[in-house]
Undergrad: 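Have a look at the structure that comes next, please.
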Amino acid sequence: MSAIYSSSWKVVRANWMMLEGILIIGSIVALSYKLGKFKIEKNFEIEKIIKKNWLFCLIFLGSILIRISQLTGGIIWDAGEYYGRLITATEKFDFSLTAFLDNFNLANHPNYGYTFFTGIGEFLFPRKVWGVNLVVLILTAFALVFLYRIFNKYLKLNKTTSSLLCGLFSFSPLVLGTSGYYNPDYGIALFFIFIMYFFLEKKYILFTFWSICFVFTKEVSAIIYFFFIVGILMAKFLEKKDEKVGNSFFIIFKNPVIYISIIVGLFYLGYMKYIGGITKWKQVEGAGSNFTWNNDGFNCFGFNREYVILKFQQMFIENYRWIIIILAFFGCLLILLFKKKLNLSVNKYLLFSIVLSLLSYICFNCLYITFALVRYNYISDLLIIIVLGMIISEISKLKAKNIINGSLIMICVIFCIESFVTTDPISKAIYPFVPTNSISMIYPGYLEKEIYYGDNLVYNNQYSFLSKSYNQFLKNIEYDEKKMVAFPGNFDGSQINGNGEIYQVNWDKKNSRRTFENLSDSVIPIKTENLESILSIKKKKDMPEEVVVPFIPYFYWNLGKNEVKEEMKKNYELILEGKTEGIQGNIEYQYYKKK
């Protein structure tokens, strides 16, 4: 329906698709009403709901409002690549299944579940960026509501504690800080909340649908889902442990979850049959099989001590996560000390499914050697917080409610600050500094011979200062077709104008911002070059008329600011020297015109 609205209404088949879509949606609504026996409460009052859940409503509203400012940003590096591929997918869509299967698997990942939804935003608001992020925001809003109900209804936590635990997830520096950074890893965490909630609610049709979406988000989600199901079946078996062994297994096979998992598995087998293998994804050209074992290899499985240590730091220390781990540790200690008094009553289905999901993710994350990106850890943030919730549900029986809630409030505030600027002292102690001309960032990536200042910097929102600075200095110099952006060194990772053929970013003269929109009278390309290449031009007439030289603080410069002035004054006049504004970081720049 959104594709038809976008531009494909001219396709003859689209008219039939519109009619089919209306009939299908109408049938679903009618059946839902009939089978669900919906009743509209006469005394339904929104005021009562808000009053009873005022703290969650406050956290929910704050979560949405903060993220609104992120709707138009974050499309750089891998997010730019994913978004650029989504643009191509929507523009190539011809209402056929093959068009969906061949194009909506961004970067050859099986992420059809995520692109199924985010594609709607792109169809409705093509090349606007915020359309896709708006869909992600809506999914986030539902996820927060479901997570709150899980804590309150199924972990038996009071409304205040449940609200604050939702705040821990929502304001987690990785989750909040990168909400506008388009990538399927974020979808793994959201869809996991959906499958967990609808399983607990015993809404098995919705559980099936979201299970398929979850598995088709990224390769690792299929592994997590398998152990999630194993955890459910283990809990069911232990629940009937007093039965005869044969009866116990019979009861397990009466559980609809096992048949749902078979359906999901068949969908994935169909996908494997279509692509001719388990996965099409390779992260570097010429990489070998994803399933070889090589401790010193790349894009393969292996045990590399340095890599494992880094992954543990990312999952359990960085961005104040160490506070959550300490709380969980002391909570476990209290449970052991007061085991008899507490009379443990944790939800076994949640306990087994969550713990096994977390352990499976940790093992995969540490043993699959690839680029060590922090954004892979959305799901671990979620699972660790749910584990903390299970621990708190037990120790809250010790009448320590005020201490627990007070601690959670403080952590939420700390998380909110860390989401936008790097303040964690332990993270700063274990990782190298990255200068920003303001509050320093850290480099939590794998320290190889050549450090890539790109996706490795996406661990909170501070990375966004680069995109903001680009817009500022291009606006300040009134960028047009005559001007050339010249970097005084290697500018791989700057991506001011996109990333080659993968995706292109242009300059909107009218609105003074970088954009994915196609070239037009008001949208022009951003021309870039290495400064040394310009200085090596022998004929003055062949040199660009105007040159702006940005100095990204964490990049290596072949020429410093004063050296650039000396070299440029031979053929150019310095018109403007300035710097962009921002607490997160800024860029200094020099603007020249040919003499």
Side-chain angles (χ1 to χ4, degrees), residues 32-33 36-68 137-172 175-176 179 189-203 206-207 210 324 327 331 342-343 345-347 349-351 354 381-416:
S32 298
Y33 183 82
K37 299 178 182 179
F38 290 156
K39 293 180 181 179
I40 300 174
E41 295 182 26
K42 293 181 180 179
N43 299 322
F44 179 80
E45 293 182 16
I46 192 69
E47 291 181 7
K48 287 184 179 179
I49 294 174
I50 294 174
K51 190 174 181 180
K52 287 181 180 178
N53 305 278
W54 67 270
L55 181 57
F56 172 73
C57 291
L58 190 65
I59 289 172
F60 179 86
L61 183 63
S63 300
I64 301 303
L65 291 176
I66 293 175
R67 285 171 168 83
I68 288 174
L137 178 59
I138 293 169
L139 291 172
T140 302
F142 277 101
L144 289 176
V145 174
F146 295 156
L147 187 61
Y148 174 67
R149 286 182 60 82
I150 289 168
F151 284 130
N152 183 227
K153 184 177 179 180
Y154 294 102
L155 287 181
K156 309 297 183 183
L157 290 164
N158 61 62
K159 294 182 185 297
T160 301
T161 306
S162 299
S163 301
L164 292 172
L165 284 169
C166 285
L168 283 191
F169 173 70
S170 178
F171 299 140
S172 166
V175 176
L176 174 59
S179 288
L190 297 183
F191 292 161
F192 188 89
I193 293 172
F194 291 179
I195 64 171
M196 183 169 49
Y197 175 71
F198 289 117
F199 162 71
L200 293 170
E201 288 282 299
K202 296 183 179 179
K203 298 183 185 294
L206 285 168
F207 175 64
W210 289 110
I324 302 294
L327 282 180
L342 290 174
N343 189 22
S345 58
V346 67
N347 186 306
Y349 289 99
L350 271 174
L351 176 64
I354 296 301
D381 270 19
L382 171 66
L383 295 174
I384 289 168
I385 289 168
I386 295 173
V387 169
L388 178 65
M390 287 190 279
I391 293 169
I392 289 174
S393 70
E394 298 301 326
I395 63 173
S396 58
K397 299 170 187 174
L398 297 174
K399 298 180 180 180
K401 183 178 71 173
N402 292 336
I403 296 174
I404 292 169
N405 291 340
S407 301
L408 293 179
I409 289 171
M410 289 177 61
I411 299 170
C412 282
V413 172
I414 292 170
F415 273 14
C416 245

Undergrad: When rounded to the nearest 0.5 angstrom, what is the spacing between CG in L144 and SG in C166?
TA: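 Atom-to-atom, L144:CG and C166:SG are 6.5 Å apart.
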Undergrad: Do the rings of F207 and F199 sit parallel, tilted or perpendicular, given the 30° and 60° boundaries?
TA: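 F207 and F199: tilted rings.
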Undergrad: How far apart are the closest heavy atoms of K52 and K159, and which atoms are they?
TA: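 So the minimum-distance heavy-atom pair works out to O-CD, 3.1 Å.
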Undergrad: Could you tell me the separation between the CG atom of N405 and the OG atom of S162, rounded to the nearest 0.5 Å?
TA: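 Nearest 0.5 Å value for the CG-OG distance: 9.5 Å.
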Undergrad: With distance as the sole test, does S393 use its side chain to make a donor-acceptor pair with the main-chain N or O of M390 at under 3.5 Å?
TA: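 Here the side-chain-to-backbone pair exists.
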Undergrad: Quick check for you: to the nearest 0.5 Å, what is the distance between L176 atom CG and F415 atom CZ?
TA: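 If we round to the nearest 0.5 Å, L176:CG and F415:CZ are 11.0 Å apart.
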Undergrad: For I404 and I395, work out which heavy atoms get closest and say how close.
TA: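 Scanning both residues, the minimum pair turns out to be CD1-CG1, 4.1 Å.
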Undergrad: Which atoms form the tightest heavy-atom contact between R67 and S170, and what is the distance?
TA: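 Result for this residue pair: NH2-O, 2.8 Å.
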Undergrad: Can you tell which of T160, I403, L164, V413 makes a side chain to side chain contact (heavy atoms under 4.5 Å, CB included) with L408?
TA: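 Testing each of T160, I403, L164, V413 against L408, the sole residue satisfying side chain to side chain contact (heavy atoms under 4.5 Å, CB included) is L164.
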Undergrad: How close do N152 and N158 get, heavy atom to heavy atom, and via which atoms?
TA: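 So the minimum-distance heavy-atom pair works out to ND2-C, 4.0 Å.
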Undergrad: Nearest 0.5 Å, what's the CG-CD1 distance between L61 and I50?
TA: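 Taking CG in L61 and CD1 in I50, the distance rounds to 9.5 Å.
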Undergrad: Write down the atom of I68, the atom of L137, and the distance for their closest heavy-atom approach.
TA: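 Residues I68 and L137, closest heavy atoms: CG1-CD2, 4.3 Å.
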Undergrad: How about V145 and Y197: do any of their side-chain heavy atoms sit closer than 4.5 Å?
TA: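 Counting from C-beta outward, V145 and Y197 never come under 4.5 Å.
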Undergrad: Going by the rule side chain to side chain contact (heavy atoms under 4.5 Å, CB included), which residues pair with L206 if we only count those two or more places apart in sequence or in a different chain?
TA: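 In terms of side chain to side chain contact (heavy atoms under 4.5 Å, CB included), with neighbours along the sequence ignored, L206 is linked to F198, K203, W210.
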Undergrad: Please tell me if the side chains of L147 and I385 come closer than 4.5 Å, counting only heavy atoms from C-beta onward.
TA: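 In short, these two side chains do not touch, never coming nearer than 4.5 Å.
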Undergrad: Could you please spell out the steps behind the side-chain contact (heavy atoms from CB on, under 4.5 Å) verdict for I354 and F192?
TA: CA-CA 10 Å; I354 296 301; F192 188 89; 3.6 Å; yes
Undergrad: Taking all heavy atoms of I66 and all of C416, pick out the closest pair and write down the distance.
TA: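 In this case the closest contact between I66 and C416 is CD1-SG, 4.4 Å.
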Undergrad: When rounded to the nearest 0.5 angstrom, what is the spacing between CD1 in I150 and CG in L200?
TA: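 That separation rounds to 6.0 Å.
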Undergrad: According to ring-ring contact (aromatic ring centres under 6.0 Å, His included), does anything in residues 148-171 pair up with another residue at least two apart or in another chain? List the pairs.
TA: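 Of all non-adjacent pairs touching residues 148-171, those that pass ring-ring contact (aromatic ring centres under 6.0 Å, His included) are F56-Y148.
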Undergrad: Look only at the side chain of S396 and the backbone of I392, and say whether a donor-acceptor pair between them is shorter than 3.5 Å.
TA: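 Yes, S396 side chain to I392 backbone: donor-acceptor pair under 3.5 Å.
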Undergrad: Using 0.5 Å steps for rounding, measure from the CD1 atom of I391 to the CD1 atom of I324.
TA: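 Here the interatomic distance stands at 10.5 Å.
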